Asker: 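I am attaching a structure below and will ask some questions about it afterwards.
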Amino acid sequence: MFMKPRLKRSFFNRSTLDVARELLGQRLVKLESNGTRVSGRICETEAYIGMKDDGCHAKSGLTHRNRSMWGQAGTAYVYFTYGMHWMLNLVTESDGFPAAVLLRGIIPQEGIELIAQRRATQPTDHWTDGPAKLCQALLIHGEYDGLDLCHPQANLFVEQDDKIADEFVTIGPRVGLNRVEEPWKSKPWRFQAPVELFVDRGGRDNDATER
DNA sequence: AGCACGATTAACT
DNA sequence: GTTAATCGTGCTC
C-alpha cells in the first residue's frame with residue numbers, strides 16, 4: 001500500500017471557501033504513538049472567515065482562546081465548548097488573517113478498531129458524523145491547538161485523496177449559529193458530500209464479500 | 001466577581 | 001421534538 005502525499009501549506013493558504021470545498025474527499029490522518037494510522041475522508045466542512053464574520057470566533061478580536069486562527073495556514077485551531085466537547089479547525093489564508101475551516105464530519109477509513117473502542121456507545125453510522133464526534137474518534141484535544149499540520153513530522157495531517165465532483169457537493173448555511181446576526185447566519189459556507197460516495201465498491205480483494 | 005451562553009451530543013418523551 | 005450535561009470564555013457590573 002503506497003502512501004499519498006500530505007497536503008502542503010499552499011493548499012491551505014488560499015480563500016477559506018476554496019479550502020473548505022476542496023477538503024471534501026481528502027483524508028484526515030492521526031498517527032498514534034505506536035504508529036497506528038487512524039483516518040477518515042472529510043465529508044463535511046464549514047468556513048469561518050475573519051473578524052467581520054459574526055459567526056467566527058475571531059469577531060471578538062485576538063484572545064488566548066482563538067489565537068491559533070491568526071497563525072499560518074495549515075495550523076490546527078482546536079477549542080473546547082459546551083463544557084465537554086473539542087472541535088478541530090484547519091487555519092487558512094495568509095498569516096495574520098484569522099480564518100479557518102471547521103471539520104464537521106469524516107468517513108472512517110483506517111484504525112476502525114480504535115474508532116470502535118472510542119465510540120463504543122454509538123452505532124457505526126454515528127462514529128464520526130459531527131465535529132466533536134470526530135475529535136473523540138481521533139483523540140484530538142487541546143494539546144493539538146496550534147499544531148502545524150504541514151510540519152513533516154506532525155502526527156496529525158491531511159493526506160491527498162480523490163476529489164469530490166461538483167455535482168455531488170451540497171452547499172448551504174452553517175449550522176449551530178443560533179444567536180448570530182444576518183447576513184452571517186445565512187451565508188452558504190457549509191460544504192457536504194453524501195456518505196454513499198465513500199462506500200468501498202470493492203474491485204480488488206473484496207469482490208467476494210460484496211453483493 | 002458574577003453571569004449567560006456556546007461552531008454539540010446523547011438520551012429521553 | 002425536547003433537554004440535561006458541564007465549564008471556559010467573554011462581557012457586564
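Every chain is numbered from 1 and lettered A, B, ... according to where its sequence line falls, protein lines coming before strand lines. A quick note: this is a predicted structure, and the numbers were derived from the prediction, not measured. Any value given below was found using the heavy atoms of this structure, including those in side chains, with hydrogens, waters and symmetry copies removed.
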Asker: Between which residue ranges does DNA chain B form stems of three or more consecutive Watson-Crick or G-U wobble pairs, both distances under 3.5 Å?
Answerer: B:1-6 with C:7-12, B:8-12 with C:1-5
Asker: From OH of A:Y79 over to C1' of C:dC7, roughly how many Å is that when rounded to an integer?
Answerer: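 After rounding, the gap between these two atoms is 15 Å.
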Asker: Please determine, by modelled atom types, if A:Q136 and A:R119 share a side-chain donor-acceptor pair under 3.5 angstrom.
Answerer: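 Distance-only check passes for A:Q136 and A:R119.
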Asker: For C:dT6 and B:dG2, measure between their P atoms and round to the nearest Å.
Answerer: 23 Å
Asker: Report the residues that fulfil side-chain hydrogen bond (donor to acceptor under 3.5 Å, both in side chains) with A:E46, sequence neighbours left out, ordered by chain and then residue number.
Answerer: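 Applying side-chain hydrogen bond (donor to acceptor under 3.5 Å, both in side chains) to A:E46 gives A:Y48.
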Asker: Once salt bridge (charged side-chain N to carboxylate O under 4.0 Å, His left out) is applied, do any residues pair with A:E159, and if so which ones, sequence neighbours excluded?
Answerer: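 By the salt bridge (charged side-chain N to carboxylate O under 4.0 Å, His left out) rule, A:E159 matches A:R37.
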Asker: Heavy-atom contacts under 4.0 Å between residues 82-95 of chain A and DNA chain C, which residues?
Answerer: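 Nucleic-acid contacts, sorted: A:Y82, A:G83, A:M84.
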Asker: Who pairs with A:K187 by side-chain hydrogen bond (donor to acceptor under 3.5 Å, both in side chains), at least two apart in sequence or on another chain?
Answerer: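 Once residues adjacent in sequence are excluded, A:K187 has no partner under the side-chain hydrogen bond (donor to acceptor under 3.5 Å, both in side chains) criterion.
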Asker: Polar atoms only, N or O, under 3.5 Å: list the protein pairs with nucleotides 9-13 of chain C and their distances.
Answerer:
residue: C:dG10; atom: OP1; partner: A:T63; partner atom: OG1; Å: 2.6

Asker: Check side-chain hydrogen bond (donor to acceptor under 3.5 Å, both in side chains) between A:E182 and all other residues, then give those that pass, not counting sequence neighbours.
Answerer: A:S186
Asker: How close or far is atom C1' of B:dA7 from atom CZ of A:R179, stated in whole angstroms?
Answerer: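 It works out to 15 Å between those atoms.
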Asker: Side chains of residues 163-172 of chain A: which donor-acceptor pairs under 3.5 Å do they make with residues two or more places apart or in other chains?
Answerer:
residue: A:D166; atom: OD1; partner: A:R21; partner atom: NE; Å: 3.4
residue: A:D166; atom: OD1; partner: A:R21; partner atom: NH2; Å: 2.8

Asker: Can you check the A:R67 CZ to C:dG8 P distance for me, whole Å?
Answerer: 16 Å
Asker: Would you say A:R190 reaches B:dA7's phosphate, i.e. side-chain N/O to OP1/OP2 under 4.0 Å?
Answerer: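 No, outside the criterion.
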Asker: Roughly how far apart, to the nearest Å, are C:dG1 and B:dA7 at atom C1'?
Answerer: 22 Å
Asker: Any chance NZ of A:K185 has more than 12 other-residue heavy atoms, nucleotides or ligands included, within less than 6.0 Å?
Answerer: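 More than 12 heavy atoms, drawn from other residues, nucleotides or ligands, come within 6.0 Å of this atom.
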Asker: Can any side-chain N or O of A:R104 pair as donor or acceptor with the backbone N or O of A:I42 at less than 3.5 Å?
Answerer: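 No; judged by distance alone, with no hydrogens or angles, the pair does not exist.
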Asker: What integer distance in Å separates A:H141:NE2 from B:dT8:C1'?
Answerer: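 The answer, rounded to whole Å, is 19 Å.
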Asker: At a heavy-atom distance below 4.0 Å, what parts of residues 117-132 of chain A sit against DNA chain B?
Answerer: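 A:R119, A:Q122, A:G130, A:P131, A:A132 - these, ordered by number, are the residues of the stretch whose heavy atoms sit under 4.0 Å from the strand.
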Asker: Step by step, work out the side-chain contact (heavy atoms from CB on, under 4.5 Å) result for A:L28 and A:L134.
Answerer: CA-CA 10 Å; A:L28 177 67; A:L134 70 89; 4.2 Å; yes
Asker: Would you mind checking if A:E93 and A:R14 are paired as a salt bridge, meaning a charged N to carboxylate O distance below 4.0 Å?
Answerer: no
Asker: Atom CG of A:L102 to atom P of B:dG6: distance rounded to whole Å?
Answerer: 16 Å
Asker: Taking atom types as modelled, find out whether A:N66 and A:T63 have a side-chain donor-acceptor pair closer than 3.5 angstrom.
Answerer: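 Yes.
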Asker: Go through the structure and list residues passing salt bridge (charged side-chain N to carboxylate O under 4.0 Å, His left out) with A:D148, not counting sequence neighbours.
Answerer: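 Partners of A:D148 under the salt bridge (charged side-chain N to carboxylate O under 4.0 Å, His left out) test: A:R9.
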Asker: May I have the distance from A:W184 (atom CH2) to B:dA7 (atom C1'), rounded to whole angstrom?
Answerer: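 Result: 16 Å.
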Asker: Whole angstroms only, please: what is the CG-C1' distance between A:D53 and B:dA7?
Answerer: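 Spelled out: CG on A:D53 to C1' on B:dA7 is 10 Å.
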Asker: Pull out every residue in residues 169-178 of chain A that has a heavy atom closer than 4.0 Å to any atom of DNA chain B, ordered by number, or say none.
Answerer: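 Per residue number, the list reads A:G176, A:L177.
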Asker: Taking A:R41 for the side chain and A:D162 for the main chain, is one N or O donor matched with an acceptor at less than 3.5 Å?
Answerer: yes
Asker: I want to check something: taking the side chain as every heavy atom from C-beta on, are A:L156 and A:I140 in contact at a cut-off of under 4.5 Å?
Answerer: yes
Asker: Apply the side-chain contact (heavy atoms from CB on, under 4.5 Å) test between A:I107 and each candidate in A:D129, A:T128, A:V195; give the one that qualifies.
Answerer: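 Only one option passes, and that is A:V195.
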Asker: Can you give me every donor-acceptor pair (side chain of residues 74-81 of chain A, partner residue at least two apart or in another chain, under 3.5 Å) with its distance?
Answerer:
residue: A:T75; atom: OG1; partner: A:Q72; partner atom: O; Å: 2.7
residue: A:Y77; atom: OH; partner: A:H57; partner atom: ND1; Å: 2.7

